[in-house]
*Asks:* 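My structure is below; once you've seen it, I'll send some questions.
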Amino acid sequence: MPPQLPWLEPEDPFPAPTTAWGPDDPAPGLLAAGGALDVPHLCAAYGQGTFPWYSAGQPILWWAPDPRMVLLPAEFRLHRSLRRTLQAFRSQPHCEIRVDHAFRQVITACATKERDGQAGTWIVPDMVEAYIRLHAAGHAHSIETWVDGELIGGLYCVAIGQAVFGESMFAHATDASKIALSALVALCRHHGIGMIDCQQNTRHLASLGGREIPRAEFLLHVEKARRQPPIPWGFDPVYWNELLPSTTPKA
């Protein structure tokens, strides 16, 4: 029999991440159920390396998997085709990266995106509204790919201090989400952020340099990074120099 799963009342603190269900339990990484999705609870959860993930009809479920999928910006794998895409994007004045310009649009697009092998979405309406509130409080951010004044892709993430947690991406055009992820990597490199949480292992993230690390190592990083002052969330085109050779503007 698996250990009893803690049920959280709104006022209850989170259990320690190390008490999450293990590999032999029905749902490895599951920590607790219940609680609330308000800003203080979300900040407390992410501050201890825990995140909510559940489907419609389920209670709020909190997870702290072991191992943890992460992307180290220094290890980002910029394939030749993506490099060419970024170079073309950077060179066009009608192409730009915006940060926090259209957060609601980004998370809504992520929530409604059809994904292979999934009948529905884990970004249920209550989650959308919760992260919009977290964004208003300054702890959730969107990285957006714009072409000709149109939002064509992007991602959103959570930031507690300098601990950055990637959440979800979408694309309405080829490579639009990869461009946004590349911009996030460039932004993190520029500001010295050494790790982006990816939560779950996927082939796509692994192809870009993501890898699993032990939960204990991840929690040590979060404990240190969350105490650092927040970075300024904005994107200057010069940040592309973190990934691409710098260019000299033509006279």
Side-chain angles (χ1 to χ4, degrees), residues 1-55 58-73 75 110 122-124 126-127 130-131 133-135 137-141 155-169 184 188 193-202 205-206 209-231:
M1 293 289 292
Q4 185 174 1
L5 186 69
W7 177 265
L8 303 179
E9 298 297 335
E11 66 275 8
D12 290 339
F14 288 101
T18 52
T19 64
W21 281 2
D24 297 326
D25 294 321
L30 184 57
L31 178 66
L37 289 174
D38 55 26
V39 170
H41 277 84
L42 286 172
C43 287
Y46 280 95
Q48 67 159 43
T50 299
F51 60 90
W53 184 37
Y54 65 102
S55 300
Q58 294 180 323
I60 304 170
L61 300 176
W62 301 93
W63 301 80
D66 186 16
R68 191 71 165 238
M69 188 72 169
V70 301
L71 175 62
L72 307 186
E75 297 180 2
C110 291
W122 60 270
I123 312 175
V124 297
D126 284 350
M127 289 272 279
Y131 282 81
R133 293 191 295 270
L134 193 63
H135 168 66
H139 297 296
H141 304 280
L155 61 83
Y156 73 99
C157 61
V158 171
I160 308 296
Q162 292 185 20
V164 176
F165 309 83
E167 289 293 318
S168 187
M169 302 186 291
L184 175 60
C188 288
I193 290 177
M195 185 181 293
I196 301 169
D197 175 37
C198 302
Q199 299 176 351
Q200 303 286 342
N201 191 343
T202 69
L205 289 169
R211 60 183 173 91
E212 292 182 331
I213 64 172
R215 180 175 58 203
E217 180 181 342
F218 173 73
L219 294 178
L220 284 173
H221 165 79
V222 171
E223 176 63 22
K224 179 180 179 181
R226 72 181 181 88
R227 298 179 184 277
Q228 302 302 311
I231 67 170

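The analysis underlying the following values was restricted to heavy atoms, covering all of them including side chains, and did not include hydrogens, waters or symmetry mates.
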*Asks:* Mind checking what makes salt bridge (Lys or Arg N to Asp or Glu O under 4.0 Å) contact with R211, not counting sequence neighbours?
*Replies:* E75
*Asks:* Going by heavy atoms in the side chains, are I196 and P73 under 4.5 Å from each other?
*Replies:* yes
*Asks:* Rounded to the nearest 0.5 Å, what's the gap from CG on L134 to CG on L37? Could you check?
*Replies:* 10.0 Å
*Asks:* Is there any salt bridge (charged side-chain N to carboxylate O under 4.0 Å, His left out) pair reaching into residues 193-202, and which pairs are they, with sequence neighbours excluded?
*Replies:* R68-D197
*Asks:* Run the side-chain contact (heavy atoms from CB on, under 4.5 Å) test on I213 and M195 for me, step by step, so that the C-alpha distance in whole Å, both residues' side-chain angles and the decisive distance to 0.1 Å come before the verdict.
*Replies:* CA-CA 11 Å; I213 64 172; M195 185 181 293; 3.8 Å; yes
*Asks:* Answer yes or no: is there a side-chain heavy-atom contact under 4.5 Å between K224 and R227?
*Replies:* no
*Asks:* Ignoring hydrogens, what is the shortest heavy-atom contact between V124 and S55? Give both atom names and the distance.
*Replies:* CG1-C, 3.9 Å
*Asks:* Do D66 and P28 make a side-chain contact, defined as non-hydrogen atoms from C-beta onward lying under 4.5 Å apart?
*Replies:* no
*Asks:* Quick one: side chain to side chain donor-acceptor pair (under 3.5 Å) partners of N201, sequence neighbours excluded?
*Replies:* E212
*Asks:* Looking at L72 and G194, what are the two nearest heavy atoms and their distance?
*Replies:* CD2-O, 3.4 Å
*Asks:* Under the rule for side chain to side chain donor-acceptor pair (under 3.5 Å), what residues qualify as partners of R133, not counting sequence neighbours?
*Replies:* none
*Asks:* About how many Å separate CD1 of I231 and NE2 of H141, when rounded to the nearest 0.5 Å?
*Replies:* 7.5 Å
*Asks:* Who passes salt bridge (Lys or Arg N to Asp or Glu O under 4.0 Å) against E217, sequence neighbours left out?
*Replies:* none
*Asks:* Report the residues that fulfil side-chain contact (heavy atoms from CB on, under 4.5 Å) with L61, sequence neighbours left out, ordered by chain and then residue number.
*Replies:* L30, A33, Y54, Q58, P59, W63
*Asks:* Measure the spacing between SG of C43 and CZ of R226 and express it to the nearest 0.5 Å.
*Replies:* 11.0 Å
*Asks:* In the structure I gave you, are the side-chain heavy atoms of P52 and L42 within less than 4.5 Å of one another anywhere?
*Replies:* yes
*Asks:* Check side-chain contact (heavy atoms from CB on, under 4.5 Å) between A137 and all other residues, then give those that pass, not counting sequence neighbours.
*Replies:* V39, H139
*Asks:* Find out whether Q200 and W53 are in side-chain contact, i.e. whether some heavy atom of one side chain is under 4.5 Å from a heavy atom of the other.
*Replies:* yes
*Asks:* Sorted by first residue and then second, give each side chain to side chain donor-acceptor pair (under 3.5 Å) pair with at least one member in residues 10-22; sequence neighbours left out.
*Replies:* none
*Asks:* Enter the distance from I60:CD1 to L8:CG here, rounded to the nearest 0.5 Å.
*Replies:* 9.0 Å
*Asks:* Tell me, please, which residues at least two apart from P6 pass side-chain contact (heavy atoms from CB on, under 4.5 Å).
*Replies:* P15, A32
*Asks:* Is the centre of the W62 ring less than 6.0 Å from the centre of the F14 ring?
*Replies:* yes
*Asks:* Anything under 3.5 Å between a donor and an acceptor, one on a side chain of residues 159-166, the other on a protein residue two or more places apart or in another chain? List them.
*Replies:*
| residue | atom | partner | partner atom | Å |
| --- | --- | --- | --- | --- |
| Q162 | NE2 | P229 | O | 2.8 |

*Asks:* Could you list the residues that satisfy side-chain contact (heavy atoms from CB on, under 4.5 Å) with L219, not counting sequence neighbours?
*Replies:* P17, R215
*Asks:* Can you list every side chain to side chain donor-acceptor pair (under 3.5 Å) pair that touches residues 34-49, not counting sequence neighbours?
*Replies:* D38-H41, Y46-Y131, Y46-E167, Q48-T50
*Asks:* For the residue pair Y156 and I123, what are the closest heavy atoms and their distance?
*Replies:* OH-CD1, 3.6 Å
